Amino acid sequence: MASTQKTVMIIEDEPDAAELFAEMMRVNGYRVIKMFSSAPAIPMISQEKPDLILLDIMMPDISGLEVLRYMRREPDLASIPVIVVS
């Protein structure tokens, strides 16, 4: 039987905040992928196609808004729900 576990990707440069979000998701049964930088997160989004993304706006490399704009231009990624955190 295939796993029905949903995946949440957390893109957050502050490790403590990322782990706080991750733990909240894990205790609710989600598989969690943490990314601490936007640039490597972009190909990972395409590879994993998570069910939800928690996205920090203030990132040290590429702004979270740029990541969101990229996703909305890509047909395979455009429908992934994104919660923006700041």
Side-chain angles (χ1 to χ4, degrees):
M1 183 175 168
S3 173
T4 58
Q5 187 178 36
K6 302 281 187 180
T7 299
V8 174
M9 182 177 289
I10 298 168
I11 305 171
E12 166 65 65
D13 62 322
E14 291 290 330
D16 290 343
E19 186 52 36
L20 178 67
F21 294 141
E23 189 57 25
M24 287 189 288
M25 296 297 121
R26 281 190 214 105
V27 298
N28 285 290
Y30 293 92
R31 175 177 166 252
V32 174
I33 301 168
K34 290 188 292 185
M35 302 295 298
F36 299 105
S37 182
S38 299
I42 291 172
M44 187 63 79
I45 294 167
S46 296
Q47 177 183 326
E48 292 285 335
K49 296 195 177 49
D51 297 288
L52 172 72
I53 296 176
L54 290 177
L55 177 62
D56 186 12
I57 292 299
M58 302 294 288
M59 296 295 287
D61 50 0
I62 301 169
S63 156
L65 289 176
E66 285 302 316
V67 173
L68 185 57
R69 286 184 191 109
Y70 168 80
M71 289 178 61
R72 294 307 179 236
R73 288 191 306 261
E74 294 297 315
D76 288 352
L77 309 178
S79 64
I80 297 173
V82 176
I83 297 174
V84 173
V85 295
S86 181

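Not measured: the values here are computed from a predicted model.
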State, yes or no, whether a side-chain contact exists between [X] and [Y] at a heavy-atom distance under 4.5 Å.
X	Y	value
Ile33	Thr7	yes
Ser46	Glu74	no
Met71	Ile80	yes
Val85	Glu12	yes
Ile11	Asp56	no
Ile53	Ile45	yes
Lys34	Glu19	yes
Arg31	Lys6	no

Do [X] and [Y] land in one hydrophobic cluster if side-chain heavy atoms of ILVMFWY residues count as linked below 4.5 Å?
X	Y	value
Leu54	Tyr30	yes
Met25	Met9	no
Met44	Phe36	no
Ile57	Ile10	no

Partner residues of Glu14 under the salt bridge (charged side-chain N to carboxylate O under 4.0 Å, His left out) criterion, sequence neighbours left out: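 So Glu14 forms no salt bridge (charged side-chain N to carboxylate O under 4.0 Å, His left out) with any residue.
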More than 12 heavy atoms from other groups under 6.0 Å of CE on Met24: yes
Pairing residues for Leu68 by the side-chain contact (heavy atoms from CB on, under 4.5 Å) criterion, not counting sequence neighbours: Leu55, Arg72, Val82, Val84
Atom of Met58, atom of Ser86 and distance for their closest heavy-atom approach: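 Met58 and Ser86 have their closest heavy atoms at CG-OG, 4.3 Å.
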Gap between atom CG of Leu65 and atom CE of Met59 - 0.5 Å precision: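 CG of Leu65 is found 12.0 Å from CE of Met59.
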Side-chain donor/acceptor of Asp61 to backbone N/O of Ser38, under 3.5 Å: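 Answer holds: yes.
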Transitive ILVMFWY cluster of Val27, excluding itself - 4.5 Å side-chain cut-off: none
